[in-house]
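Every chain is numbered from 1, with letters handed out A, B, ... down the list of sequences. For clarity, every value in this text was computed on a predicted model and none was experimentally measured.
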Amino acid sequence: MYKYDTYDQAMVDARVAEFRDQVRRRLDGSLTEEQFRPLRLMNGLYLQLHAYMLRVAVPYGTLSSAQMRMLGDIADKYDRGYGHFTTRQNIQYNWIKLEDAGDLLADLASVEMHAIQTSGNCIRNISSDQYAGAAAEELVDPRPYAELLRQWSSFHPEFMYLPRKFKIAVIASETDRAAMKLHDIGIKLVKNDAGEIGAQFYVGGGMGRTPMIAPMIREFVPLDQLITYAEACLRVYNRYGRRDNKYKARIKILVHEIGADEYARQAEEEFAHLLGQGVEPPIAELERIKTYFQDPPFEAGAPDTLDRSDPDFALWVDRNCVTHKQPGYISATISLKPVGGIPGDASADQIRLMADLARDYSFDECRVTHAQNIVLPHVRKADLYVLWQKLDAAGLGAANLDRIGDIIACPGLDYCSLANARSIPIAQKISERFAAQEKQDAIGEMKLKISGCINACGHHHAGHIGILGVDKKGVENYQLLLGGSEGEDTSLGKITGPGFDEEGIVDAVEKAADVYLANKQGEERFLDTYRRIGIDPFKEAIYD
Amino acid sequence: MKILTGNDLKTGAVVWWDGTGWSKYVNSAADVGDEGDIIIAREEGARRVFAAYAIDAERSADGVRPAHIKDRIRAHGPTVRDDLTLNPGDPDTSNWVI
Ligand code: SF4
């Protein structure tokens, strides 16, 4: 994985020193809260419901075991013994003290990490496929391209004050595991007819108050023009994106209002101008970055079979592991969704254990997924049983990837100051209602996603079943959405009708599952059946 | 009653104005009547708290209860982590929030 060079380290260290000084000046009264707030936000330090919250960037979700261990140590040293993995492939700590923030950031910097650009109207952490570099069907490893974009977008002077925040995802497989079309810019690496690799650009997607699926803006950008084209896209947005209304300021509104064709035309015009400006880094830089993402030293001829005699292990393999490009290896997902648990939360001990397992069984590497789980990308099949036993003993053995228990839930009103309703208790109740293995198996693939407000951090628009918490005259209320997807077949869920209270929404989910089971044909998933029969049979059952 | 809440500047902890200082217990909260803005300006100026605001609450035999669920969660801690509330170990404590 990528290693900081002296420039990277110097920049991050300088930022730590700068923020330490800003904190000192805030505490001694030289800075007011009004002056300090944008400075702390630039360093990922928010004020949430109970305390300061720090969001740490995990570039494209990739972590070394040393970084993961540090995240566990930080949870103990500066927080209350746990961290929350987010839908942006980051980690958040909920109980940070301002007076500790400088030391915490210094600890992060010691393992080449930071919290820069995890807030504010800038280009945020770049997300990617959690199986990058391991997926059997991927064209290339998308992470060198994500890393190039990270370097370009870090402290980019022109894009630090965009009309609104800006999120980019990069993938290189036909299967979209990064919700690519629901980003401000989604980049898919593709091969053209001449066999060259280039970038397909989707611009203007997003969730939130006005969900939009990004249209394709350009079919193929040569790799030696990737940054220049991205810069052109951003420039058009920076110039014409609306700054007068926060709710209309995302690029999706601009693309929607002027139309994809007109946006593409303007981007092309800007692109043509920029091509002569020397914006593009030399291709040698991309090649340099690629050297950090070479395959680990896989064992040739590693045994490709598994002893499946332990049924619990076999179930976990079937649910949580996917085919690896290298025979004898597998990618394993550690579910952070035990029955009745808090989606995405892990204790300091669990984080450190996952770090040790990454070191011992996955070439020192793990990944955070946007579904709030952790992946060990490169596990020898011969080691898998021992690995699973260690996970299971630590409460990390849930076999429910992409099942109804594998719920995405934002922090909601238990932690978030913007929330209208709690998300986590709903996730807990649903996972308990569907705890029985037979129920989960019967329902099969199910992506259930819960947000505590319209900002949609829990991706409710993109859930096969989505739940949105709203405030109904001071009382929590939950709307049900059906039919969303954030995969390669991206679609936006539709609201079924009036909302429910806490118990009612769990019943409504069960009724929706029952409609699916009663109407399912062949191998159809919930989403397939929904698309075939439409929303009405679900409504009839839910509002009966 | 009107009560004041905010966050301790150094630690970020949720605090409540008790008439003379800031307490982490909502039950200590004092009715500030229409003095809220004056107290907030003074206390923020002295850098003891930040992000302070006034809210409606009720006092009963059981103590002080903020009118809105968001402030009850702030007063109590996350409803999904009984161990992190101000009454850790009491599994019924979250019921007060709802
Ligand atoms: S969706 Fe709303 S409640 Fe949930 S984390 Fe985002 S802003 Fe907070």
Side-chain angles (χ1 to χ4, degrees), chain A residues 23 26-34 36-37 40 45-54 79-82 84 94-101 340-343 345 347 409 411-429 452 471 473-476 501-502, chain B residues 4-16 22-26 37 40-53 55-58 65-89 91-98:
Chain A
V23 169
R26 173 66 185 119
L27 292 174
D28 75 11
S30 314
L31 292 174
T32 64
E33 184 58 24
E34 202 183 353
F36 180 63
R37 189 170 173 274
R40 70 170 158 76
L45 196 64
Y46 290 69
L47 177 66
Q48 283 292 16
L49 218 52
H50 306 292
Y52 295 102
M53 178 273 275
L54 184 77
D79 203 88
R80 301 180 77 173
Y82 68 107
H84 175 74
N94 295 300
W95 307 91
I96 298 303
K97 296 184 174 73
L98 181 60
E99 48 193 2
D100 289 344
I342 298 176
D345 274 16
S347 70
L413 192 51
D414 278 300
Y415 290 99
C416 176
S417 55
L418 300 173
N420 286 325
R422 290 170 301 152
S423 310
I424 298 167
I426 305 301
Q428 291 174 312
K429 288 203 162 97
D471 179 338
K473 296 188 184 135
V475 177
E476 294 167 299
D501 64 11
E502 200 173 323
Chain B
L4 299 185
T5 182
N7 294 77
D8 182 278
L9 177 63
K10 286 185 193 164
T11 66
V14 172
V15 287
W16 309 86
W22 295 92
S23 164
K24 60 180 180 170
Y25 297 103
V26 71
D37 288 347
I40 287 173
R42 187 185 70 220
E43 291 296 309
E44 289 194 340
R47 302 191 306 283
R48 283 187 280 269
V49 291
F50 72 111
Y53 57 98
I55 60 165
D56 291 321
E58 271 177 25
R65 184 178 160 86
H68 198 279
I69 184 172
K70 182 175 287 191
D71 293 305
R72 293 198 293 275
I73 292 177
R74 290 181 74 248
H76 171 271
T79 65
V80 291
R81 287 291 303 261
D82 291 334
D83 57 324
L84 301 181
T85 67
L86 288 179
N87 301 315
D92 293 329
T93 156
S94 292
N95 296 337
W96 175 82
V97 167
I98 316 303

So which part of A/A419 gets closer than 4.5 Å to some heavy atom of chain B, the side chain, the backbone, both or neither?
backbone

Less than 4.5 Å to any heavy atom of chain B: does that hold for the side chain of A/L49, its backbone, both, or neither?
both

Under 4.5 Å to a heavy atom of chain B? For A/L413 that would be both

Does any backbone or side-chain atom of B/I98 lie under 4.5 Å from a heavy atom of chain A? Answer side chain, backbone, both or neither.
side chain

Could you pull out the closest heavy-atom pair between A/G474 and B/I69, with the gap in Å?
O-CG2, 4.1 Å

Atom pairs, donor to acceptor, chain B/chain A, distance under 3.5 Å:
residue: B/L9; atom: O; partner: A/Y52; partner atom: OH; Å: 2.7
residue: B/K10; atom: O; partner: A/L98; partner atom: N; Å: 2.8
residue: B/K10; atom: O; partner: A/E99; partner atom: N; Å: 3.3
residue: B/R47; atom: NE; partner: A/L27; partner atom: O; Å: 3.0
residue: B/H68; atom: NE2; partner: A/D471; partner atom: OD2; Å: 3.4
residue: B/K70; atom: NZ; partner: A/S417; partner atom: O; Å: 2.6
residue: B/K70; atom: NZ; partner: A/A419; partner atom: O; Å: 3.4
residue: B/R74; atom: NE; partner: A/L49; partner atom: O; Å: 3.3
residue: B/T79; atom: N; partner: A/D414; partner atom: OD1; Å: 2.7
residue: B/T79; atom: OG1; partner: A/D414; partner atom: OD1; Å: 2.6
residue: B/T79; atom: OG1; partner: A/D414; partner atom: OD2; Å: 3.4
residue: B/T79; atom: OG1; partner: A/R422; partner atom: NH1; Å: 3.0

